[in-house]
S.K.: 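Sharing a structure below in structure tokens format, with a few things to ask.
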Number of protein chains: 2
Amino acid sequence: MTIHLADTGDNGVLKPCTHEYQVNCGNCRLNSICLPLALESDDIKQLDDIIQRSKPLQKNQHLYREGDDFQSVFAVRSGTLKAYKTTDDGREQVTGFYFPGEILGMDGISNNAHASSAKALETAAICEIPFSSLEKLSSLMPNLQRHFFQLMSREITEDQQLITLLSKNSADERVGALMLSISTRNARRKLSSTQFRLPMSRVDIGNYLGLTVETVSRVFSRMQKMDILQVDNKEIEILDLEGLRTMANLGR
Amino acid sequence: MTIHLADTGDNGVLKPCTHEYQVNCGNCRLNSICLPLALESDDIKQLDDIIQRSKPLQKNQHLYREGDDFQSVFAVRSGTLKAYKTTDDGREQVTGFYFPGEILGMDGISNNAHASSAKALETAAICEIPFSSLEKLSSLMPNLQRHFFQLMSREITEDQQLITLLSKNSADERVGALMLSISTRNARRKLSSTQFRLPMSRVDIGNYLGLTVETVSRVFSRMQKMDILQVDNKEIEILDLEGLRTMANLGR
DNA sequence: CCTGCACCTTGATTCACATCAAGGCTAATA
DNA sequence: TATTAGCCTTGATGTGAATCAAGGTGCAGG
């Protein structure tokens, strides 16, 4: 069997293809946490018709870059992506990690240009949802319109939580909160909430949480010593969920 | 002339009233930067019909509180508000300041409950836009739907800029960036971009920028000494816009 | 197999901002 | 006019995370 190298040349343009990537929303096992949520099955069919699926993105390939024309939002079918902005002095601010079932790209709507870049942290399958079609469909399907408003609102509240985390919490609390967030999102997808492999590097974690690599590493060591986490490079096991919650100290 | 004390008892419920607050979107001088932007005049009329105006909010009164049922989004007609969350340990994270023409409350859509509280920093007149009506109207008016998507997206990108600011920038840069932001927003409303009165306290600024009052105060003193700002309590004059931009160091 | 490189860890030192402490200014109220 | 309370400023000291530095680990390619 041949390996499908995505042929985008890392320029962010996904070319349609007719391989086994052709799943549909109706039978996608993520449809209960993704866009189709809240739609009737005949409505799902219509949504499905506007969605474009393409060859998977390889690790480190970009889905889009800051400043690119905004055409579509994207749903993650498999793999993980990070969204990030590059500051003028070349440093990188990671604004989010996106797991299967999650939607990204909504920050591009306001200026018709992507406000951040998105890059695959590992091989990733993506559903592309052309925004103009989504708008038309939303006008016709109140449930879809409502759901998309909610998705955007969720993005806002999540950003606000990150703002609070960055502004008020210690390094231990920040890393703890991220581990809990990943744990929760795994649970939503019926995966283990206590054992997982981190798709992102320590550098990415640092750039997301406003910490340096060294600090992130030290926090992991500390949590390991306290028997809260078992850390083996990217393999994480949560040994003491209550202890982790206490450490994260988020009141939720 | 009698003084109109708002009779909400600070419980966040605005009661309709029939006083001189009755303006309409068609003649509101903010309509070029507010929701009506991008609407034809007959469409503006329809939007106007769903908007409720009430007695002004007095200083320190709440428009809504974290956890309140979400019913409406709000536009600021005059005055300034702050949105904030209270952390479990009682500290306050200010998530945004809202000036005339700006929309707040969109973070409540995702859970049908407000994710933050909003409080008037000075007497403020507010337009209330019931969300269910806005949804219906959006289905009928593609331009309105599009504009509201864009407003939400703008909120996301602004939050992301704050995230970057908090995670990567020094105290000087953070305060500088806020001054520039206020300056720009004043310009949009045809007010002076170089002289203004801060509606918020030093504590609020600190809680927004992730700094203590003392640090905020010291930054102002430093900028004054460098002849970048003239600071007289809440009265600010920008003396050296270029210097301020350099100090804020935001590349935009 | 060795080599190189990317990524992670650990220790020593430094520094920006928090914390602690005190005093000043302004405005509302008696 | 005196009194109080809220807000702001300034100085001295402390500290958590950044920075600097070095070494370890695991994987890809020759």
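Each chain gets a letter, A, B and so on, in the order the sequences are listed, and its residues count up from 1. These figures come from a predicted structure and were not determined experimentally.
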S.K.: Distance check needed: D:dA17 C1' versus A:Asp172 CG, whole Å only.
M.R.: 11 Å
S.K.: Can you tell me the distance, in whole Å, between the CD atom of B:Glu235 and the C1' atom of C:dT26?
M.R.: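 These atoms are roughly 14 Å apart.
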S.K.: Starting at CG of B:Asn169 and ending at P of D:dA17, how long is that distance when rounded to a whole Å?
M.R.: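 B:Asn169 atom CG is separated from D:dA17 atom P by 19 Å.
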S.K.: Which of parallel (below 30°), tilted (30 to 60°) and perpendicular (above 60°) describes A:Tyr64 and A:Phe74?
M.R.: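 Plane angle under 30°, so parallel.
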S.K.: To the nearest Å, give me how far apart CG (A:Asp232) and P (D:dC27) are.
M.R.: 10 Å
S.K.: What is the distance, to the nearest angstrom, from the CZ atom on B:Arg197 to the P atom on C:dT26?
M.R.: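 From B:Arg197 CZ to C:dT26 P: 12 Å.
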S.K.: If you look at every strand shown and take non-hydrogen atoms under 4.0 Å, does A:Gly206 touch a base, only sugar-phosphate, or nothing?
M.R.: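 Here A:Gly206 touches no strand at all.
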S.K.: Hey, is A:Arg202 close enough to A:Glu214 for a salt bridge, meaning N to O under 4.0 Å?
M.R.: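 Salt bridge: no.
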S.K.: How far apart are the C-alpha atoms of A:Glu92 and A:Lys82, what are their side-chain angles, what is the distance that settles it, and do they pass the salt bridge (Lys or Arg N to Asp or Glu O under 4.0 Å) test?
M.R.: CA-CA 11 Å; A:Glu92 185 175 305; A:Lys82 72 168 172 184; 2.6 Å; yes
S.K.: Listed by chain and number, what are the salt bridge (charged side-chain N to carboxylate O under 4.0 Å, His left out) partners of A:Asp227, not counting sequence neighbours?
M.R.: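 Counting only residues at least two positions away or on another chain, A:Asp227 forms no salt bridge (charged side-chain N to carboxylate O under 4.0 Å, His left out).
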S.K.: Salt-bridge test for A:Lys168 and A:Glu173: reply yes if a basic N is under 4.0 Å from a carboxylate O, no otherwise.
M.R.: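 Salt bridge flag = no for A:Glu173 with A:Lys168.
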S.K.: Roughly, in whole Å, what's the span from CG in A:Leu166 to P in D:dA18?
M.R.: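 Rounded to the whole Å, the gap is 11 Å.
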S.K.: Can you measure A:Asp204 atom CG to C:dA6 atom P for me and round it to whole angstrom units?
M.R.: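 In whole Å, C:dA6 P and A:Asp204 CG are 15 Å from each other.
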S.K.: Can you check the A:Asn60 CG to C:dC7 C1' distance for me, whole Å?
M.R.: 13 Å
S.K.: What pairs of donor and acceptor atoms, side-chain ones from residues 228-236 of chain B against any protein atom, are under 3.5 angstrom apart with sequence neighbours left out?
M.R.:
unit_1, atom_1, unit_2, atom_2, d
B:Glu235, OE2, B:Arg197, NH1, 3.1

S.K.: I'd like a table of atom pairs between the protein and nucleotides 8-11 of chain D - only N or O on both sides, under 3.5 Å - with the distance next to each one.
M.R.:
unit_1, atom_1, unit_2, atom_2, d
D:dC8, OP1, B:Arg202, N, 3.4
D:dC8, OP2, B:Arg202, N, 3.0
D:dT9, OP1, B:Arg202, NH2, 3.2
D:dT9, OP2, B:Arg202, NE, 2.8
D:dT9, OP2, B:Ser217, OG, 2.9
D:dT9, O5', B:Ser217, OG, 3.0
D:dT10, OP2, B:Ser221, OG, 2.3
D:dG11, N7, B:Arg218, NH1, 2.8
D:dG11, O6, B:Arg218, NH2, 3.3

